[in-house]
Amino acid sequence: MKISKQAASLVRPNQFKVLKLDSGIDSSPTSVGTFCSNSGSIRKLLFEEITKLDDALNMFDEMTQRQPLPSVVKFTRLLQAVTKMEHYSCSIDLFKQMVAIGVPVDVYTTTIVIKCFCQMSCTNEAYGFKRGVVPNVITFSMLLSGLILEDRILEVERLFKKLIREELCEPDVVVYNTMIKGICKFGSNNTYIGLLRLMDERGCKPNVFTYSTIIDSLCKDKMVDDALKLFNEMTLHKGILPNVVTYSSLIRGLCNLGRWDEVCKMLKEMEEKRIYPNAVTFSTLLNGLVIEDRIFEVERLFKKLIREEICEPNVVMYSIMIKGLCKFSNNDAAIDLLRLMDERGCKPNVFTYSTIIDSLCKDSMVDDALKLFNEMILDKGILPNVVNYSSLISGLCKLGCWDEVSKMLGEMEDEGISLDVPIFNILVDSFCKEGIVEDAEAVMNIMVKRGNDPDVVTYTSLLYRYCKNINITKAMHMFDEITEKVWNRM
DNA sequence: CTAGGGTTAG
């Protein structure tokens, strides 16, 4: 199947001009907010739920006109509301207006704005935003989690050490928990022990969040037995009561390993302790069943949740159900469910769409995938990310639509979506399969240059190709390179 | 009385 030019043109940024509306924004729930016609960037295309955000903005306007001005507390509440709606750049804007009209912003207000910058992966800008207020432990915890979000682990460590060394603030349990989360994200799985010790030395008691964070991380790395050990330490020795989060993490770890007997044991334990499973617990269970291809049980549980009104499915649950349907190549049913969730008032998100888009691409239905991709961006106002593009590019590569692939890559650049290791790997692998080894090697060189270290997937694609080409010299050379790398890590 | 900590996709 050759992708039609028409479908490809649908994703070109200049197509968005079609959507430019008259300046009057109507009352429909999704309207185009701002639109910058000369840049043509998706990021400028802010679709938003006008109703709620508009309410907040109107209230803000009204507040700014009052004489005397309302207290900073009232403004802060509003700022927090907008932030909770995840309109981060909007919050920043409001903050700037507050400063301009002379609202005496304080550490509370500033911390919210710093959070906004951090959430937008602009931690650097957050840094310079202290504006004369003295940052406190909460401000620093926000900065730390911002750095963690951006994978800047070295700076996380540096800042944390600085806090203690220069006595900028005494880390509290939340800061330690944040640090543990960061260390678990990058370090080997035992590095958390050092932080637990430090907490102990400095007289900060770990709480249920501390243990849940570690347990969660261990479960993610399939080290469920270690997690269970820690669970015992927490409950039996430290006397910390587990909560639904702790149990959900353990259940997830056990589900992923197919240890269903123990899952049932956990559920029974929860019942005894009157800790009620919530939406996260149920989505964990559904996901576990989907992983094991137990599609009928998935359906049964899902229907039971709705019928007995145990839990109204949320976007994560629907997304998991859709994943289940896609796994069985039932793309049509998946799309039906996508429509149904929307009707039931549950908005699909980028995960939901990317599941179906990926499945369509894997089934070589890239045209349909592109249609959905456009629906996601244009109708739903959801910003695409690197995962969406990787599915589409992978599908296009498989079909040999190289022009469309480069078009997509250009589009990503326009949108400021940077390539990551998995998408580089798709390109390397595709070039290898196509027999254009030079291009594959060129991509790998770019990876190295950009600091996206080639991984086992990258090397496997190339090694396989070298062997197939009977290019033993190159294969051996690469093998040496890998060996050296492994030694350096140890 | 206003700021910080768990689930889903390549």
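Both backbone and side-chain heavy atoms feed into the values below; hydrogens, waters and symmetry mates do not. Being a predicted model, the structure only gives us computed values, none of them experimental. Chain letters run A, B, ... following the sequence lines, proteins first, then strands; residues in each count from 1.
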- Is a salt bridge present between A:Glu62 and A:Lys74, judged by a nitrogen-to-oxygen distance below 4.0 Å? no
- Message: Without decimals, in angstroms, what is the distance between A:Lys327 NZ and B:dG10 C1'?
- Response: 15 Å
- Take atom CG of A:Asn385 and atom C1' of B:dA9, then tell me their distance rounded to the nearest Å. 8 Å
- Note on the structure: A:Asn256 atom CG is separated from B:dT7 atom P, nearest whole Å, by 12 Å
- Query: Nucleotide by nucleotide, 5' to 3', does protein get under 4.0 Å of the base (B), only the sugar-phosphate (S), or neither (-) in nucleotides 1-6 of chain B, counting heavy atoms?
  - Reply: SBBBBB
- Message: Whole angstroms only, please: what is the CE-C1' distance between A:Met321 and B:dT7?
- Response: 16 Å
- Query: Should we count NZ of A:Lys273 as having more than 12 external heavy atoms under 6.0 Å?
  - Reply: yes
- Query: Crowded around A:Arg197 CZ? As in, over 12 foreign heavy atoms under 6.0 Å?
  - Reply: no
- Task: Mind calculating the distance between CZ (A:Phe373) and C1' (B:dG10) to the nearest angstrom?
- Result: 13 Å
- Query: Between A:Tyr247 (OH) and B:dT7 (P), how many Å, whole number?
  - Reply: 19 Å
- Message: Exactly one of A:Glu155, A:Arg152, A:Glu150 should register a side chain to side chain donor-acceptor pair (under 3.5 Å) with A:Asn124. Which one does?
- Response: A:Arg152
- Query: What is the distance from CG of A:Asn388 to P of B:dG10, rounded to the nearest Å?
  - Reply: 11 Å
- Whole-Å distance separating the CG atom of A:Leu289 from the C1' atom of B:dT7: 15 Å
- Message: Is the shortest side-chain heavy-atom distance between A:Val457 and A:Val428 below 4.5 Å?
- Response: no
- Item | Lys/Arg-Asp/Glu bridge criterion (N-O < 4.0 Å) met for A:Asp358, A:Lys362 | yes
